[in-house]
Amino acid sequence: MKKKIPQGLYAITAENFSKKNNVEIVKELLDSGIRIIQYREKKKTKFEKLKQCETIRQLTLSYNCFFIVNDDIDIAMSVHSDGIHLGQDDLPLLKARIIVGQDMAIGISTHNPEQANKATINGADYIGVGPIFQTFTKENMIDAVGLEYLEYCVIHIKIPKVAIGGIKLSNLSRVAKFKPENICMVTEIVGSKNIVETINKAKKIINDYY
Ligand SMILES: Cc1ncc(COP(=O)(O)OP(=O)(O)O)c(N)n1
Ligand SMILES: Cc1ncsc1CCOP(=O)(O)O
Ligand SMILES: [Mg+2]
């Protein structure tokens with residue numbers, strides 16, 4: 001059966017922005033109470049990614065944390081992740097659905113209303129909404145879409161929305177004000193000296209709005 005996607009902070013691995021490896025990062029995220037984690041890794045071989053995902057899948061299961069794999073459907077299926085995240089240039093949603101079946105959640109990156117509506121009609125389980133602000137975390141990133149696009153999605157799109165891109169503790173309240181189901185901060189969390197402390201600060205800010 002398909003698992004319900006937890007609301008709240010959505011974390012993504014990024015070991016090239018940290019002194020720790022992805023598995024160590026995930027352990028800290030789990031200890032901080034994060035309930036939804038995406039494995040995103042652009043520099044490793046398929047085999048290296050598979051090995052890290054196998055370990056992370058076991059960890060996330062023991063913490064009842066929703067685990068999503070970015071890009072690699074084969075790895076997602078192999079480790080029985082709860083979800084797969086796909087971008088506009090990845091395998092199209094309808095093709096991915098045939099492969100992963102009905103029980104695995106599919107998240108789709110969107111940057112404009114047309115993409116958000118198409119993902120919804122085609123049965124996405126959630127959409128990424130961004131980049132809200134400028135970000136240097138992702139190579140070849142499009143320009144920031146701004147809070148206007150988040151506002152559009154919150155009003156018109158009924159499936160869960162993950163606000164992402166350039167979100168920091170300093171601008172988090174400007175995003176939380178719109179109450180998307182999930183908010184994702186990548187480098188602000190993974191690159192921080194103390195992940196637990198940063199997450200606690202983020203939760204404090206968000207709690208005022210939910
Ligand atoms: C929650 C979420 N939103 C957007 C993205 C970006 O996905 P994509 O466009 O496929 O780019 P890469 O992450 O693969 O570089 C995401 N990963 N997660
Ligand atoms: C993977 C991804 N997709 C859209 S923005 C982004 C990176 C966001 O990283 P940060 O929170 O460090 O700006
Ligand atoms: Mg992708």
Side-chain angles (χ1 to χ4, degrees), residues 5-18 22 25 29 34-44 46 49 53 65-76 81-93 95-96 99-100 104-112 114-116 118-120 124-147 149-150 153 157 159-172 174-176 180-192 195 198-199 201-202 205-206:
I5 302 173
Q7 298 194 358
L9 284 175
Y10 178 125
I12 298 186
T13 62
E15 70 178 33
N16 47 331
F17 289 95
S18 169
N22 285 324
I25 290 167
L29 292 171
I34 292 282
R35 286 293 164 261
I36 177 162
I37 296 176
Q38 180 190 129
Y39 178 84
R40 180 176 183 272
E41 173 55 64
K42 300 286 179 178
K43 306 275 183 216
K44 293 190 190 301
K46 187 77 95 176
K49 289 190 279 186
C53 280
C65 171
F66 203 94
F67 180 47
I68 296 170
V69 174
N70 184 43
D71 291 343
D72 296 302
I73 293 185
D74 45 2
I75 295 179
S81 64
D82 301 303
I84 174 82
H85 187 92
L86 299 170
Q88 292 293 321
D89 297 331
D90 296 321
L91 197 71
L93 170 54
K95 303 285 181 202
I99 298 171
V100 304
M104 187 180 288
I106 303 182
I108 299 290
S109 305
T110 72
H111 318 294
N112 58 51
E114 192 189 341
Q115 292 171 353
K118 186 175 173 197
T120 308
D125 294 280
Y126 74 86
I127 54 166
V129 177
I132 304 288
F133 306 113
Q134 190 179 28
T135 178
F136 300 99
T137 306
K138 179 169 157 47
E139 286 166 25
N140 307 319
M141 193 66 238
I142 63 160
D143 289 343
V145 296
L147 289 165
Y149 176 50
L150 177 60
C153 288
I157 301 295
I159 61 174
K161 297 151 281 287
V162 181
I164 185 170
I167 304 173
K168 309 284 174 194
L169 289 174
S170 58
N171 57 24
L172 182 55
R174 293 173 60 202
V175 177
E181 288 79 0
N182 299 91
I183 300 180
C184 177
M185 295 190 293
V186 184
T187 45
E188 186 76 332
I189 289 177
V190 167
S192 72
I195 289 182
T198 305
I199 288 173
K201 282 183 187 165
I205 296 169
I206 287 174

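Just follow the structure's listing: the first ligand is 1, and inside any ligand the first atom is 1.
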Problem set entry | Between Tyr39 and Ser81: side-chain donor-acceptor atoms closer than 3.5 Å | no
Exercise. Looking only at side chains, do Thr187 and Lys168 share a donor and an acceptor under 3.5 Å apart?
Worked result: yes
Less than 3.5 Å between some nitrogen or oxygen of [X] and one of ligand 1, yes or no?
X      : result
Gln88  : no
Gln38  : yes
Asp71  : yes
Gly87  : yes
Lys138 : yes

Seminar exercise, completed: Tightest non-hydrogen contact, residues Asn171 and Gly166, listed as ND2-O, 3.0 Å
Exercise. What's the shortest heavy-atom distance between Pro6 and Arg35, and which atoms?
Worked result: CG-O, 3.4 Å
For this session: Could you tell me which atoms of ligand 1, counted from 1 in the order shown, lie closer than 4.0 angstrom to a heavy atom of Arg40?
Result: 12 (P), 13 (O), 15 (O)
For this session: Measure Ile12 to ligand 1 on non-hydrogen atoms and call it side chain, backbone, both or neither using the 4.0 Å cut-off.
Result: side chain
For this session: Would you mind telling me which of Ile37, Ile5, Asn182 makes a side chain to side chain contact (heavy atoms under 4.5 Å, CB included) with Tyr10?
Result: Asn182
Exercise. Looking at Leu93, Asn70, Ile106, which hits side chain to side chain contact (heavy atoms under 4.5 Å, CB included) with Leu86?
Worked result: Ile106
Ion pair check, [X] and [Y], cut-off under 4.0 Å:
X     : Y      : answer
Lys43 : Glu139 : yes
Arg40 : Asp71  : no
Lys49 : Glu41  : no

Problem set entry | Option nearest atom 4 (C) of ligand 1 (shortest heavy-atom distance, choices Gly128, Ala163, Gly165, Ser109) | Ser109
Exercise. Taking any residue with a non-hydrogen atom under 4.0 angstrom from an atom of ligand 2, which ones do you get?
Worked result: Arg40, Thr135, Thr137, Lys138, Met141, Ile164, Gly165, Gly166, Met185, Val186, Thr187
Seminar exercise, completed: Closest to the Mg ion (ligand 3), among the N/O/S atoms of Asp71, is atom OD1
Exercise. What N/O/S atom of Asp90 gets nearest to the Mg ion (ligand 3)?
Worked result: OD2
For this session: Taking the side chain as every heavy atom from C-beta outward, state whether Ile12 and Cys184 have any pair of such atoms under 4.5 Å apart.
Result: yes
Problem set entry | ligand 1 contact by Lys42, heavy-atom criterion under 4.0 angstrom | yes
